[in-house]
Protein chains: 2
Amino acid sequence: MVKNKYDSIYQDIAGQIETGKLKKHTKLPSENELAESYGTSRETIRKALNLLSQNGYIQKIKAKGSVVLDIGRFDFPVSGLTSFKEVAEKVGKPFTTTVHELYVMKPDDCLQTELKIPAKEDVWKIARTREKEGERIILDKSFFVKKLVPGLTKEICEDSIYEYLEKELGLNISFARKEITVEECTDEDRKYLDLKGYDHIVVVRNNVYLDNASVIEYTESRHRLDKFRFVDFARRSR
Amino acid sequence: MVKNKYDSIYQDIAGQIETGKLKKHTKLPSENELAESYGTSRETIRKALNLLSQNGYIQKIKAKGSVVLDIGRFDFPVSGLTSFKEVAEKVGKPFTTTVHELYVMKPDDCLQTELKIPAKEDVWKIARTREKEGERIILDKSFFVKKLVPGLTKEICEDSIYEYLEKELGLNISFARKEITVEECTDEDRKYLDLKGYDHIVVVRNNVYLDNASVIEYTESRHRLDKFRFVDFARRSR
DNA sequence: AAGTGGTCTAGACCACGAG
DNA sequence: TCGTGGTCTAGACCACTTC
């Protein structure tokens, strides 16, 4: 789904890097050459290259050129900004999702804060486990603002809520705040997960914002220690 | 240290948000108004606003305006892109750094890969612990390419290596790749840290790149479970 | 209809690296 | 000296929200 000119150039070059048509450690054509060959202005090329750089595909080196990087780019599926389904597919591992709870509730104080809603606003609670190779290793406890997501079903929760939000409801996810900590296991963890004796668990807390600045979702993603992996890029003084 | 026009506007507005002069949940002036009042073009204002948005200060809402967000923005000090000293100061907690090892060595296969160097290239090894409230809770094992950082001393390692790199050597940090996992404690962890009986530890692996695409540092930052916290923003299809 | 942010253009000058 | 990416400008049109 291409939105505009610089995005389509970004997709094009990213694709060439992923398929190996553009080789690691080689230089891209210069911005002027790219502008010429894509028939666009240099500023538009620069937007595409900045996207590539922000997503870890290339590094721009002043006065020299842009180099294709050789960095693995995919997280372990951490529920949140990119949908679980999306990341799981890229990582290429078969996950099974099971929905254990799906009902409407009133938010407690904590949820009111996390979702920025008043006490009377209805909230979906969803509890799901993710299973890989016969082991239930992730427990996702999600809370969605009902007003924004009226018709959730078990089928949608088993597939991809994000696809539903974006394709069916036309909502636009803007950004998420993630917080990662390690905590002691709860009885709920022990009930829903195959913990193999671990007494701690990695907790990823997630607040997801729409493009109109409202919070749509708060999720606690609870990962078994030994199966957790998170990868991140950070740029200096972006 | 202001570099250019859009950066100085970014610093200015970020400062106003941090000191509360610009209040949370209020709207910024429009881009046209800001361009006028800062005496610059709209594209330059947009660069500043994009920085604010990427760093979690504001959210831009199409056709409506930019809103000041109310999101806590600081990590627990995770060695890497922003220096430990820098983050520790923002978090406002007193940390003590102790240097346990500082010597030159030849890289093994693993280090050659992580630092992208040949076997004959010398490497600094530095082992440091970070202590807070009387407990040693972080063990940082760092490896720097000696050719790029000739004169390391115990004093520099106790203060801030990054300050030394940037201010003394004029090197420019560009970006870092972080990977977070949880692993079983090693004897080294038990030796250098106050583990309070925990048998697992959070490991943050870090490759830090310069602006000329060479790797300068590989660090393993080992955090006691209960004291680890990591905060991250992610934007959808940036 | 007016104002907003998002995209795009065609120029310009700069500092820096390489030959 | 020439080419590179980094910054900056002054315009333009669009889709969208608000009134």
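Naming: A, B, ... by sequence-line order, numbering from 1 per chain. What you see is a predicted model; the values in this text were computed from it and never measured.
Checking D:dC8, C:dG6, D:dG5 against every side-chain atom of A:R46, the shortest atom distance belongs to D:dG5. Of the candidate nucleotides D:dT9, D:dT4, C:dC8, C:dC8 has the atom lying nearest to any side-chain atom of A:Y6. The B:A63 side chain lies nearest to C:dT4 when the options are D:dG5, C:dT4, C:dG17. Across D:dT17, D:dG6, C:dT9, the shortest atom-to-atom separation from the side chain of A:E31 is found for D:dG6. Proximity note for A:N4 (side chain, C-beta onward) versus C:dT7, C:dT4, D:dT7: the nearest is C:dT7. If you check C:dC8, D:dT9, D:dT7 against the side chain of B:S41, the one that comes closest is D:dT9.
Regarding B:D211, its CG atom lies at a distance of 10 Å from the P atom of D:dG6, rounded to whole Å. For the pair A:N50 CG and C:dC8 P, the computed distance is 14 Å after rounding to whole Å. Rounded to whole Å, atom C1' of C:dT7 lies 18 Å from atom OH of A:Y10. Look at CG on B:N212: it is 21 Å from P on C:dA15, rounded to the nearest Å. As a whole-Å value, the separation of B:N32 CG from D:dT9 P is 14 Å. Atom pair B:K5:NZ and C:dC13:P shows a separation of 15 Å (rounding to whole Å applied). Put simply, CG on B:D7 is 14 Å from C1' on D:dC8, counting in whole angstrom units. If you take CG of A:L49 and P of D:dG5, they are 8 Å apart, rounded to a whole angstrom.
The phosphate of D:dG6 has OP1 or OP2 within less than 4.0 Å of a side-chain N or O from A:K60. Using a 4.0 Å cut-off, no side-chain N or O of A:K64 falls inside it from OP1 or OP2 of D:dG5. The phosphate of D:dT9 (OP1 or OP2) has a side-chain N or O of B:T44 nearer than 4.0 angstrom. Contact check, A:K62 against C:dG17: no side-chain N or O comes under 4.0 Å of OP1 or OP2. For the pair A:S30 and D:dT4, the criterion of a side-chain N or O lying under 4.0 Å from OP1 or OP2 is met.
Summarising the local packing, CD of A:E36 is surrounded by 12 or fewer heavy atoms from other residues, nucleotides or ligands at distances under 6.0 Å.
For the pair B:Q112/B:K106, no side-chain contact is recorded, criterion being any heavy-atom separation below 4.5 Å from C-beta on.
B:K154 and B:L102 get closest at one heavy-atom pair: N-CD2, 3.5 Å.
For B:Y6 and B:R46, the side-chain atoms include no donor-acceptor pair closer than 3.5 Å.
Residue-to-nucleotide proximity on DNA chain C shows that, of B:E43 and B:L28, the 5′-proximal contact is made by B:L28. Sequence order on DNA chain C of the closest nucleotides to A:T40 and B:G65 puts B:G65 first from the 5' end.
For B:R42 and C:dG6, a side-chain-to-base donor-acceptor distance below 3.5 Å is present, hydrogens and geometry of angles not being considered.
A side chain to side chain contact (heavy atoms under 4.5 Å, CB included) with A:F228 is found for one member of A:V203, A:I180, A:I138 and no other, namely A:I180.
Taking the six-membered ring where the residue is Trp, B:Y57 and B:Y10 present perpendicular rings, their angle passing 60° and hence far from 30°.
The residue B:I61 sits close only to the backbone: its heavy atoms come under 4.0 Å of sugar-phosphate atoms, none of a base.
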